[in-house]
Amino acid sequence: MNAHELAQRLAERAADVAQYLLPGGKKSSGEWKAGSVSGEAGQSLSVRLSGAKAGVWRDFAADQGGDLLDLWAACRGLSVSQAMVEAKAYLGVRDSMPAREIKSYTRPSKPKNYTAPKAGVRAWLNSRGISDATIDAFQIGEQIHVGKTIALFPYFLDGELVNVKYRDIADKRGMRQEKDAEPCLFGWRLIDPKVRTVAICEGEIDAMTLHQAGIPALSVNAGAGNFQWLENDWERLERFSEILVAFDADEAGEKGAKEAIRRLGADRCKRLTFPGHKDANEYLQAGASGEDFWHAVKEARPQDPEELRQAADFIDRVKAMFYPADTDARDPVLRLDKNLDWFEFRPGELTVWTGINGHGKSLMLAQVMLGLVQQGERFCVFSGEMTPERQVKRLVKQATGLDRPTPDYIGAVGQWLRDRVWLFDLVGSAKLDRLLEVFTYANKRYGIRHFVIDSLMMLDIPEDGPGAISAQKAAVQKLCDFAKRNGCHMHLVAHPRKGADEKSAPGKLDVAGSSKITDGAENVFSVWSARKDESEPLDDTPDAKLELHKQRNGEVQHFTLYLWFVKDAQQYSTNPRRRPIAYFKWSAQDVHSEVTE
């Protein structure tokens, strides 16, 4: 358990912990009031006992503060690591792991010809903005080897030299470290045992740069992609509640930073970068001051999972939804003989179409398809119940608004549909996986964004019997996943259960099979026909209705649209006069009217 997690556990018992550490205090207005951490009488120290700031304390007399782990260390005069041991014992936390195999490492002797940095190394580091005081604090050394000036970066653990890294100041490629040395972070000897925040850099000079700016810092010993140090420094790093990962702002550094944050714990790590510069030292050489570095620390952000976003990130899109500009692209709307703006066909969604057998749901869907084609959409249709030529014949009637268009007009419609509508050429049952494989190809190669399956019963999915419900649920999940992954809209025809009669339209709960069919769908429509006797004269009462039962992402949740049927054109109309329209205008004498664009 690291310090961040331990402090949270202490905050959960803030009242008990405050009384335990400050027994002379008393509770007042949700706070524990006591004398200073040094034990003086009075009420200068206040500890929050509840709410979002539970465990936060401030000693105004001593100008100190922090969380309850800091308070434990302050009251007992301990380092953070020592306070953690006591706090864990108090809470009864036993987080010890099986003892790992202790690896043996070679402790280096003092390097030969090692001296304090003279003109060569000192001038080199000074030229990079590193002060003499910082150079001396890190005990940087110098070595002359076969005529080359080498900078020595010593690694200390508990006062003992465990590694030395050598750098040719004239050639970065001339870099090495002691053979078989213990992998650990550079700079431990300068980390105050009471600090709770530390930065980890990709290079020693970057760590020196941050230290110089007053920011406790360490450096990895072998680049952003090597994490051998993590195993050895694991316990030493546990005491930090906040770790600033300051790896370089390049491809290798970003990749390494993500891995470091994952392994050290995303809850206590932040990504530290320097505006417009690759690393801390480059930022310093560009003229950054200590204030600039502290501002960068303040701006450091957690490396949240890619899927986790703040609501405010989407506010510009929300504004566009409230006040769309004339130039903003809109999703295509439901269009019959006019635009019905209360419904849009959004990408990544599944629409279920249901209706009693023979009530025209497939006919309705074909007309809706033409309305979408007219808006620039492309379709691929699987109908296991109707041959391709019969499907196209129906489309030709609906597209022209005529019972028998001329052969030339039929040919013109064929050309119009050529790059707009594709058919999955199979009559009978289809395998869902193969269907989706072909749909994927059609999407990627031809940019098709609308796919029709007419109907669910024509797939290799059991309608009833053992395992049928689970199979139907899995099938719907595949359809939804396909739509979302490919930014497409999936149309699924699903039959309803048989009712007592055909006097009313089925609802979403009447769809046969698994409830997950309509639960998983974003939208559900039903189509119902009045089933008038065709031998009787036409009247003004509606012939059919299209009912919206569900629209998960739209503002209209339920809508009933009464319709009149134009038999010769095989079209549904919103006009009681039953006037056909042409979705494809070819010549004036063959066209009655045109859908509103």
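On a predicted model such as this, the values are computed, not experimentally measured, just so you know. Just the heavy atoms: all of them, side chains too, but no hydrogens, waters or symmetry mates, feed the values below.
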J.: Please check: side-chain N/O of H489 versus main-chain N/O of R346, any donor-acceptor pairing under 3.5 Å?
T.: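 Answer holds: yes.
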J.: Considering all heavy atoms of both residues, which atom of E5 and which atom of N2 are nearest to each other, and what is their separation?
T.: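 Taking every non-hydrogen atom into account, N-OD1, 2.9 Å.
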J.: Determine, step by step, whether K298 and E291 satisfy the salt bridge (Lys or Arg N to Asp or Glu O under 4.0 Å) criterion, reporting the C-alpha distance in whole Å, the side-chain angles of both residues, the deciding distance to 0.1 Å, and the verdict.
T.: CA-CA 10 Å; K298 182 180 178 182; E291 184 177 344; over 6 Å; no
J.: Could you give all pairs that pass the salt bridge (charged side-chain N to carboxylate O under 4.0 Å, His left out) test and reach residues 201-220, with sequence neighbours left out?
T.: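 Applying salt bridge (charged side-chain N to carboxylate O under 4.0 Å, His left out) to every pair that reaches into residues 201-220, excluding sequence neighbours, yields K165-E204.
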J.: Stepwise, does the side chain to side chain donor-acceptor pair (under 3.5 Å) test hold for E182 with N163?
T.: CA-CA 7 Å; E182 180 176 355; N163 190 13; over 6 Å; no
J.: So which heavy atom on A494 is nearest to which on T354, and how close?
T.: O-OG1, 2.7 Å
J.: State whether a side-chain donor-acceptor pair under 3.5 Å links N523 with E349.
T.: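 A pair is found: one side chain offers a donor N or O, the other an acceptor, under 3.5 Å apart.
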J.: Strictly below 4.0 Å, N to O, side chains only: are E31 and R48 in salt-bridge contact?
T.: yes
J.: Counting only N and O atoms by type, is there a donor-acceptor contact under 3.5 Å from the side chain of R189 to the main-chain atoms of A137?
T.: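 Side chain of R189 to backbone of A137: a pair is present.
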J.: Would you mind checking if R236 and D233 are paired as a salt bridge, meaning a charged N to carboxylate O distance below 4.0 Å?
T.: yes
J.: In terms of heavy-atom contacts, does CD of E251 have more than 12 from other residues, nucleotides or ligands at under 6.0 Å?
T.: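 Open.
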J.: Say whether T440 and N443, considering side chains only, have a donor N or O and an acceptor N or O under 3.5 Å apart.
T.: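 The criterion, which ignores hydrogens and geometry beyond distance, is not satisfied for N443 and T440.
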J.: Just checking D313: does its CG atom have more than 12 heavy atoms from other residues, nucleotides or ligands closer to it than 6.0 angstrom?
T.: yes
J.: So, the side chain of Q557 versus the backbone of G554: is there a donor-acceptor pair under 3.5 Å, distance only?
T.: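 Yes.
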J.: Is the CG atom of D192 crowded by more than 12 outside heavy atoms at less than 6.0 Å?
T.: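 Above 12, so yes.
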J.: Test: salt bridge (charged side-chain N to carboxylate O under 4.0 Å, His left out). Region: residues 64-87. Which pairs qualify, not counting sequence neighbours?
T.: D67-R196, D70-R196, R76-E86
J.: Starting at CZ of R9, measure out to CG of L91 and round the result to the nearest 0.5 Å.
T.: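 The distance works out to 6.0 Å.
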J.: For K516, does the NZ atom have more than 12 heavy-atom neighbours from other residues, nucleotides or ligands under 6.0 Å away?
T.: no
J.: Given 3.5 Å as the limit, does a donor-acceptor pair link the side chain of R122 with the main chain of P117, or not?
T.: yes
J.: Return the CG to CZ distance between L244 and R268, rounded to the nearest 0.5 Å.
T.: 11.5 Å
J.: How far apart are the closest heavy atoms of A7 and L69, and which atoms are they?
T.: CB-CB, 4.5 Å
J.: Any side-chain heavy-atom pair from L479 and I453 closer than 4.5 angstrom?
T.: yes
J.: Could you label the plane-to-plane angle of the F345 and F343 rings as parallel, tilted or perpendicular, counting under 30° as parallel and over 60° as perpendicular?
T.: perpendicular
J.: Just one of L237, V220, L185, I200 clears the side chain to side chain contact (heavy atoms under 4.5 Å, CB included) bar with L230, so which one?
T.: L237
J.: Can you confirm whether the side chains of N232 and Y105 place a donor and an acceptor under 3.5 Å from each other?
T.: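 Short answer, yes.
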J.: Supply the atom-to-atom distance D132 CG to T134 OG1, rounded to the nearest 0.5 angstrom.
T.: 9.0 Å
J.: Does any non-hydrogen side-chain atom of N221 lie less than 4.5 Å from one of Y155?
T.: yes
J.: Do F186 and F156 have ring centroids that are under 6.0 Å from one another?
T.: no
J.: If you apply the rule salt bridge (Lys or Arg N to Asp or Glu O under 4.0 Å), what do you find for D519 with R552, and how did you get there?
T.: CA-CA 10 Å; D519 288 347; R552 179 177 295 158; over 6 Å; no
J.: Taking atom NZ of K484 as the centre, report whether more than 12 heavy atoms of other residues, nucleotides or ligands fall under 6.0 Å from it.
T.: yes
J.: Would you check, one step at a time, whether the test side chain to side chain donor-acceptor pair (under 3.5 Å) holds for H277 with Q285?
T.: CA-CA 10 Å; H277 296 87; Q285 292 184 67; over 6 Å; no
J.: Look at the aromatic rings of F451 and F439 and report parallel, tilted or perpendicular, splitting at 30° and 60°.
T.: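 Geometry flag for F439 against F451: tilted rings.
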J.: Please check if atom CD in E254 has more than 12 non-hydrogen atoms from other residues, nucleotides or ligands closer than 6.0 Å.
T.: yes
J.: Looking only at non-hydrogen atoms, find the nearest pair between V195 and V80 and report the distance.
T.: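 Shortest heavy-atom separation between V195 and V80 comes out as O-CG2, 4.2 Å.
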J.: Taking side chain as C-beta onward, heavy atoms only, is V162 less than 4.5 Å from W188?
T.: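 They are not in contact (no side-chain heavy atoms under 4.5 Å apart), so the answer is no.
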J.: Is it true that a side-chain atom of K88 and a backbone atom of M1 form a donor plus acceptor pair closer than 3.5 Å?
T.: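 Indeed, once roles are kept as given, a pair shorter than 3.5 Å links the two residues.
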J.: As an exercise, state the distance from CH2 of W32 to CG of L71, rounded to the nearest 0.5 Å.
T.: 12.0 Å
J.: Do the side chains of E299 and K270 get close enough for a salt bridge, i.e. N-O under 4.0 angstrom?
T.: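 No.
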J.: Can you tell me how far the CD1 atom of I517 sits from the CG atom of L492, to the nearest 0.5 Å?
T.: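 Between atom CD1 of I517 and atom CG of L492 there are 7.0 Å.
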J.: State, to 0.1 Å, how close H211 and A217 come at their nearest heavy-atom pair, and which atoms those are.
T.: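 Minimum heavy-atom contact is N-CB, 4.4 Å.
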J.: If we count only N and O atoms by modelled type, under 3.5 Å, do the side chains of E522 and T351 hold a donor and an acceptor together?
T.: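 Side chains of E522 and T351: no pair found under 3.5 Å.
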J.: With rounding to the nearest 0.5 Å, note down the distance linking CG in L218 to CG in L210.
T.: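 Those atoms lie 10.0 Å apart.
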J.: Would you say R239's side chain and P193's backbone share a donor-acceptor pair under 3.5 angstrom?
T.: yes
J.: Which pair of heavy atoms, one from A213 and one from G290, lies closest together, and at what distance?
T.: CB-CA, 4.4 Å
J.: Has D59 got a side-chain atom pairing as donor or acceptor with V37's backbone, closer than 3.5 angstrom?
T.: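 Yes; judged by distance alone, with no hydrogens or angles, the pair exists.
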J.: Which residue pairs satisfy the ring pair (Phe, Tyr, Trp, His ring centres under 6.0 Å) criterion with at least one member in residues 63-92, sequence neighbours excluded?
T.: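 Found Y20-W72, Y20-Y90, W72-Y90.
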J.: I'd like to check the salt bridge (Lys or Arg N to Asp or Glu O under 4.0 Å) partners of D510; sequence neighbours left out, ordered by chain and number.
T.: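 Once residues adjacent in sequence are excluded, D510 has no partner under the salt bridge (Lys or Arg N to Asp or Glu O under 4.0 Å) criterion.
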J.: Please check: side-chain N/O of Q19 versus main-chain N/O of D16, any donor-acceptor pairing under 3.5 Å?
T.: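 Not confirmed, Q19 side chain does not pair with D16 backbone.
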J.: Under the rule for ring-ring contact (aromatic ring centres under 6.0 Å, His included), what residues qualify as partners of F293, not counting sequence neighbours?
T.: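 If we apply the ring-ring contact (aromatic ring centres under 6.0 Å, His included) test to F293, skipping adjacent residues, the hits are F274, Y283.
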J.: If only atom types and distance count, is the side chain of D481 paired as donor or acceptor with the main-chain N or O of R485 below 3.5 Å?
T.: no
J.: Hey, could you give me each pair passing side chain to side chain donor-acceptor pair (under 3.5 Å) that has a residue in residues 467-480? Not counting sequence neighbours.
T.: D433-K478
J.: Under a 3.5 Å threshold, yes or no: a donor from one side chain and an acceptor from the other, between E178 and Y166?
T.: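 On atom types as modelled, these side chains qualify, holding a pair under 3.5 Å.
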J.: Do the side chains of L548 and W342 get nearer than 4.5 Å, heavy atoms only?
T.: yes
J.: Using only atom types and a distance under 3.5 Å, with no angle test, would you say the side chain of R497 pairs donor to acceptor with the backbone of V511?
T.: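 Answer holds: yes.
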